[in-house]
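Side chains are part of it too, since the values below use all heavy atoms of this structure and drop only hydrogens, waters and symmetry mates. Position 1 is the first residue of the sequence; numbering continues from there.
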Amino acid sequence: MNTEKKNTILAAVVGAVFLLGFLVNDPFLLFESSYEKSKPLISSKADNVKKITLKDVTGTKIFTRTTDGWSFEIPGSPMGVQRADVAKIEAGLKNIFEAKKYQEVSSNKDKQGEYEVRDQDFQILLEGENGQKIAQAVLGKFSGSGNASFIRLVDDSSVYAVKGFLRGDWNQDADQYRDRSVLRIAKENVREIQVTGAQTFKLRSDDKGSFLLDPARATDKARIGTYLADLTDLSGNRFFKETTLPAKFGKITVTLGANINKEIEFFGPTKDQEFVVRSSDAASPVVLNRSKVDALFPRVEDLVDKAGM
């Protein structure tokens, strides 16, 4: 091969690499301005998805929509079926359904390995009612710039650069997908709260749905509103992995309609000044920051309406 021909081939390769880098980096924001107007990669809606199956060389994960959220399981794992983190699953679905057919970077099967979108790479299968396939895709690598990653539908050879790192939504540690909620109930359903700790107090709902200290005292409604919001939507930071719980710190019992009780036990603090929490609604104990626990075990005086005294 003569020198001129080699230079021509080299120039073509350099030009192709530059063009791909130009498209992914999008210096003139062409990607940003036109992306939203492009056709979606998947022509359906996230609400139609009833089952999600993830598969790569490490194994399989399955998420199933239930009447009260999502469940999560790893086939063959002793952990069995777990409640899944609904917000995390819904966010991942939202991102994949927002992916657009704007920037096709390749349709060459031989180049799929460069984008990590071969059939043996990270696959996601979305199914609807009765196992109907909505879409099956391979989620590729992050581009390293431009906040984009690559994706290919299994029944298509085209590889697209899309916003966000879609594979990053789904290939995390299994615990990241488990529901870490301690208590998640509607405030309107709460009738009574009994707090037992360094100080013991009770809050009871009146006929108008307002919460008052019991025995009756002038109660700070704004502070109680914040307290209820913290308690009724309470989630841990991570699962507690050790076998021995710290010393018991206190307990909160929440009574709902029909005299249904929800109990939350608190242990700690740990050497890291965190607390372990176990509830009747959670399968495993989780860890909370001290600031969250301090807010749930306030001084009674902090709940009293000073202006009403």
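- Side-chain contact between T196 and T253: absent, with no pair of heavy atoms (C-beta onward) separated by less than 4.5 Å.
- Across D47, D169, I124, L126, a single residue satisfies side chain to side chain contact (heavy atoms under 4.5 Å, CB included) together with L93, and that is L126.
- Summarising the geometry, atom CD1 belonging to I62 is positioned 11.0 Å from atom CD1 belonging to I52; distances are rounded to the nearest 0.5 Å.
- Under the 3.5 Å distance criterion, the side-chain polar atoms of Y35 are matched with a main-chain donor or acceptor of K100.
- Looking only at distances, a side-chain donor or acceptor of Q123 sits under 3.5 Å from a matching main-chain atom of D119.
- Between the side chain of Y227 and the main chain of L296, a donor-acceptor pair closer than 3.5 Å is present.
- The closest donor-acceptor contact from the side chain of R180 to the backbone of D85 lies at 3.5 Å or more, if one exists at all.
- With hydrogens and angles disregarded, no donor-acceptor distance shorter than 3.5 Å links the side chain of Q136 to the backbone of K133.
- Taking NZ of K101 as the start and CD1 of I151 as the end, the distance is 11.0 Å to the nearest 0.5 Å.
- Of the inter-residue distances, the one linking D230 atom CG with K292 atom NZ reads 8.5 Å to the nearest 0.5 angstrom.
- From I224, atom CD1 reaches atom CG of L213 across 6.0 Å, with rounding to the nearest 0.5 Å.
- Following chains of ILVMFWY side-chain contacts shorter than 4.5 Å, one can reach V195 starting from F249, so the two form part of one hydrophobic cluster.
- Note: the hydrophobic cluster containing V182 does not contain V287 (ILVMFWY, side chain heavy atoms under 4.5 Å, direct or indirect links).
- Cluster membership check: I264 does not share its hydrophobic cluster with V276, using side-chain heavy-atom separations under 4.5 Å among Ile, Leu, Val, Met, Phe, Trp and Tyr.
- The side chain to side chain contact (heavy atoms under 4.5 Å, CB included) with E263 is formed by just one residue from the set K251, R278, Q194; it is K251.
- Atom CZ of F211 is separated from atom CD1 of I193 by 5.0 Å, given to the nearest 0.5 angstrom.
- Residue-environment remark: NZ (K109) stays at or below the threshold of 12 foreign heavy atoms within 6.0 Å.
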Could you walk me through whether K248 and E265 pass the salt bridge (charged side-chain N to carboxylate O under 4.0 Å, His left out) test, one step at a time?
CA-CA 8 Å; K248 191 166 183 178; E265 294 180 289; 3.2 Å; yes
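- Checked against the 6.0 Å centroid criterion, the rings of F266 and F297 qualify as a close aromatic pair.
- Other residues, nucleotides and ligands contribute more than 12 heavy atoms inside 6.0 Å of the CD atom of Q199.
- With hydrogens and angles left out, the side-chain atoms of S279 and D281 include no donor and acceptor closer than 3.5 Å.
- For T255 and N261, the side-chain atoms include at least one donor-acceptor pair closer than 3.5 Å.
- Side-chain atoms of T66 do not come within 3.5 Å of backbone N or O of S71 as any donor-acceptor pair.
- F122 and L153 fall within the same hydrophobic cluster, where Ile, Leu, Val, Met, Phe, Trp and Tyr residues are linked whenever their side-chain heavy atoms come under 4.5 Å apart, directly or through other members.
- Each of K141, K111, R152, R167 was compared with E116 under the salt bridge (charged side-chain N to carboxylate O under 4.0 Å, His left out) criterion, and only R167 meets it.
- Listed for the S38 side chain is a donor-acceptor partner under 3.5 Å among the backbone atoms of S34.
- Side chain of S210 to main chain of D206: no donor-acceptor pair is present (N/O by atom type, distance under 3.5 Å, no hydrogens or angles).
- The number of heavy atoms from other shown groups lying within 6.0 Å of CG (D173) is above 12.
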Using the rule given for salt bridge (charged side-chain N to carboxylate O under 4.0 Å, His left out), can you reason through R65 versus E129, listing the C-alpha separation, both sets of side-chain angles and the distance that settles it, and then say yes or no?
CA-CA 10 Å; R65 194 185 292 273; E129 293 285 358; over 6 Å; no
Is there a side-chain contact (heavy atoms from CB on, under 4.5 Å) between F97 and L41? Walk through the geometry before answering.
CA-CA 7 Å; F97 276 93; L41 195 68; over 6 Å; no
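- Ring orientation note: the planes of F72 and Y177 are tilted relative to one another, at an angle of 30° to 60°.
- Inter-residue side-chain proximity for S149 and V162 is flagged as met; some heavy-atom pair is nearer than 4.5 Å.
- When atom types are taken as modelled, the side chain of T219 and the backbone of R217 share a donor-acceptor pair closer than 3.5 angstrom.
- For the 3.5 Å distance criterion, the side chains of D56 and T58 qualify, holding a donor opposite an acceptor.
- Between the side chain of K262 and the backbone N or O of I252, no donor-acceptor pair lies under 3.5 Å.
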